[in-house]
Structures are given as structure tokens and as C-alpha cells.
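Values below: all heavy atoms of this structure, side chains included; hydrogens, waters and symmetry mates excluded.
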Amino acid sequence: MEKVVILGTGPAGLTAAIYLARANMKPLVIEGAEPGGQLILTTEVENYPGYTDGILGPELMDNMRKQAERFGAQFRRGWVTGIDLRKRPFKITLQKGDELTTEAVIISTGASAKMLDIPGESENLGKGVSTCATCDGFFFRNKKIIVVGGGDSAMEEASFLTRFASEVVVVHRRNGLRASKIMQERARQNPKITWALDRIPLRVVTKGDKVSGLKVRNNKTSEEEVIQADGIFIAIGHLPNSSFLNGQIETDAIGYIKVNPGTTETNIPGVLACGDVQDSKYRQAVTAAGTGCMAALDAERFLEGQEIVDWSQSLP
């Protein structure tokens, strides 16, 4: 019987592990297929507080893991294939059939960016291909950038990237955009944004070890061309990694776990959610870490049966 099991080892899960381990709760952390989360795919992280010269994504996550281990957190590699949250203790089944029982669960399985699945894309993640403008836009000062997508996220990313880039080309497979009218108008009024609509991405083009463009096919003429660029940002949405829950927890229509406002509590007592699996808005390492801290404190209070009393209500 475990006191608390943490699912996921991104910034949220590792922060929760640090806090719980320091509280002598002996958390067990289950590492999935991508230990460290999306930051493992990030070369340079310059917006995480405390690192004046930046830090490599894998190094940051390794530091957080070592910090959790120092205080007594235990780690186990495995993929969750089943989970039963109908009653406590909760049961978790791993890929080899191993079963765990636990009094509390922290779900920090993150969200995965939707990818184009074209040649050259995955090989160049963090090397000119990115899924996060706020994370990597700074590295493309005075460069030409491509943003792939036609929804609100793509328009927001394109507009943000104009702070750094000399030109941002929006590539979308349809002639019309899916973005809201206000987001479209904002992007169309930006003089740094140009458009390559009705074009299907075919391949990320490289020159040496650098991204040099995106090969596309024109839907109307079937002609192929290469749009030159120094970076390519994929902005076609994210999917929260919550399907393994099989509907046992309340989520929105996309699959993001719903939590009680101001907490990490789900609709099931003893089950907490933190990080990108419950955050469709910010999706930053530092905000994920913050909710990881919240989840640890929420779990600790739940396990110790503490109640938060608002003494101000009894004051005259």
C-alpha cells in the first residue's frame, strides 16, 4: 500500500514529488514513456526562474528528479494500462501486469502537442521545429518563421512571434481559417504576418543541421514548393494525456481534467490533477510546477484528514 502515487515526471509531477518527499510522505513516482515530459525535447530553457544563463531542458528535469530522490521519493519506470478509481484504496495496473494500491493519486501526465507526422519533423524538434512560441520565440530574433495551423492557437502564436521574427508565414491546409473572427482580424492586421493558405505541409527541409524551410503542396494547382524559413512552429493543438482514465474523472470535451477552482482536487476525493493535463491555457513549465506544489499540499491535507478552517468568519 502506497500513501500517494504520482503519475508523470514533468515539472508538475517532480515538484509534487519534492514537496511530498520533504513532508515524509514517501511518494512513488511512475515514469511514463517520456520521463521528464516535453522539456526533454527542449534544448535551451531561458524562462524558468533561477537560471540567469538558461539551462538545457533535460538538465533541468534531471536536477528536479535528483532533488526529489534526495528527499526520499521513489521512482518506477512503467506505463499505466489501467486504473480503478471507484473506491479507495485506488488500484493502478502497469504495463507488465503489476498492480499498485494507493491511498491517493496525483495525475500529472501532461498534454502532447499534435504533430503533422511529416518527414523531418520529429528529428528536428528543438532544433528549429517547436511547439511552443513562448518557450522558443526568443531564439528567432530577426529570422523568418513559419507557423502551421489555422485556429486560435496558431493566430496567437503567430502574433506573439512577430515580437522577435522579421516575418511570420502562416501555413494552413485550407483556404479558410478556423480561428475566431477577432483573432483572424488581429493577425491579418499585423504587417509582419504573411499567408500561405491552401497548402499541405509535406516535409521539413534542412540544410546541414539547421531547418531551412517547409515543403508544401498547393491544393489548387498540386504544385510543390519550399517556403524558406529558419524555424517552424507547429500550432495545431494539444491533446491531454488522460485517455487511460476511461472517463472515471470529469473532463472537458477535449479531455482536460476538471479541478475545483483554486485547487487541484478532481471530482473524486483523493485524486488530484496538476500540470498540463488540467491546464489548456498556460502550458508553461513554471505554471505546471506551481500546480505540482498545490497538488502535493492538497494530497498531504487529504491524507492527514486536515480541514482548512476560515477563522476570519468567526471574527466580530
Side-chain angles (χ1 to χ4, degrees), residues 38 41-43 111-137 139-241 243 253-255 280 283:
Q38 294 189 59
L41 304 174
T42 303
T43 51
S112 299
K114 295 180 182 179
M115 304 302 288
L116 298 170
D117 292 326
I118 59 175
E121 180 185 42
S122 60
E123 304 95 299
N124 289 288
L125 270 174
K127 302 175 183 178
V129 175
S130 175
T131 59
C132 179
T134 54
C135 306
D136 300 328
F139 302 110
F140 294 90
R141 284 189 178 278
N142 301 315
K143 305 285 188 179
K144 183 178 178 180
I145 299 174
I146 289 172
V147 172
V148 180
D152 280 354
S153 294
M155 299 304 103
E156 186 175 351
E157 299 252 302
S159 296
F160 176 83
L161 288 168
T162 59
R163 301 181 188 182
F164 310 101
S166 59
E167 180 185 356
V168 176
V169 183
V170 174
V171 175
H172 186 45
R173 63 179 61 239
R174 299 182 181 88
N175 187 50
L177 301 171
R178 295 179 292 104
S180 59
K181 185 177 180 180
I182 187 170
M183 293 298 292
Q184 288 190 46
E185 289 179 352
R186 187 176 301 168
R188 291 188 182 279
Q189 290 172 6
N190 193 314
K192 282 191 175 183
I193 296 178
T194 58
W195 306 87
L197 304 181
D198 250 350
R199 288 168 173 82
I200 296 182
L202 300 176
R203 178 169 61 89
V204 173
V205 180
T206 58
K207 186 175 182 180
D209 59 351
K210 294 183 178 180
V211 168
S212 61
L214 180 68
K215 188 174 185 179
V216 299
R217 182 174 63 244
N218 189 307
N219 278 332
K220 294 180 178 178
T221 65
S222 296
E223 293 181 357
E224 297 181 1
E225 62 177 316
V226 174
I227 303 174
Q228 301 293 329
D230 301 291
I232 300 171
F233 285 77
I234 313 300
I236 56 176
H238 288 73
L239 284 177
N241 300 319
S243 60
I254 299 175
S280 62
R283 294 195 296 266

Next item on the list: Under the side-chain contact (heavy atoms from CB on, under 4.5 Å) rule, collect the residues that match up with T221, sequence neighbours excluded.
Entry: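 T221 satisfies side-chain contact (heavy atoms from CB on, under 4.5 Å) with N218, E223 once adjacent residues are dropped.
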
Pairwise side-chain contact, [X] with [Y], heavy-atom cut-off 4.5 Å (strictly under):
X    : Y    : answer
I200 : N219 : yes
I145 : F164 : no
R203 : I118 : no
N241 : S112 : yes
L202 : V216 : no

Say you draw a straight line from [atom1] of [X] to [atom2] of [Y]; how long is it, rounded to the nearest 0.5 Å?
X    : Y    : atom1 : atom2 : answer
S122 : L116 : OG    : CG    : 11.0 Å
D230 : K207 : CG    : NZ    : 11.0 Å
M155 : R178 : CE    : CZ    : 8.5 Å
L214 : I234 : CG    : CD1   : 7.5 Å
S130 : F140 : OG    : CZ    : 7.0 Å
I227 : S212 : CD1   : OG    : 12.5 Å

Can you see which heavy atom on [X] is nearest to which on [Y], and at what distance?
X    : Y    : result
T131 : M115 : CG2-SD, 3.8 Å
P240 : G255 : CG-C, 3.3 Å
V147 : A158 : CG2-CA, 4.0 Å
I236 : G149 : CG2-CA, 4.0 Å

Notebook entry, point to check: Pairs in or reaching into residues 144-153: which pass side-chain hydrogen bond (donor to acceptor under 3.5 Å, both in side chains), with residues at least two apart or in two chains?
Noted result: D152-S180

Next item on the list: List in chain and number order the residues that pass side chain to side chain donor-acceptor pair (under 3.5 Å) with K215, two or more places apart in sequence or in another chain; answer none if no residue qualifies.
Entry: E224

Item checked: Audit row: V148, I232, side-chain contact (heavy atoms from CB on, under 4.5 Å) steps and yes/no -> CA-CA 7 Å; V148 180; I232 300 171; 4.2 Å; yes

Item checked: For E225, salt bridge (charged side-chain N to carboxylate O under 4.0 Å, His left out) partners two or more places apart -> R199

N/O donor-acceptor pairs under 3.5 Å from side chains in residues 181-193, not counting sequence neighbours:
from : atom 1 : to   : atom 2 : distance (Å)
Q184 : NE2    : A179 : O      : 2.8
N190 : OD1    : K192 : N      : 3.0
N190 : ND2    : T162 : OG1    : 3.2
K192 : NZ     : T162 : O      : 3.0
K192 : NZ     : A165 : O      : 3.0

Side chains of residues 166-175: which donor-acceptor partners sit under 3.5 Å, not counting sequence neighbours?
from : atom 1 : to   : atom 2 : distance (Å)
S166 : OG     : K143 : O      : 3.2
E167 : OE2    : T194 : OG1    : 2.9
H172 : NE2    : G176 : O      : 3.3

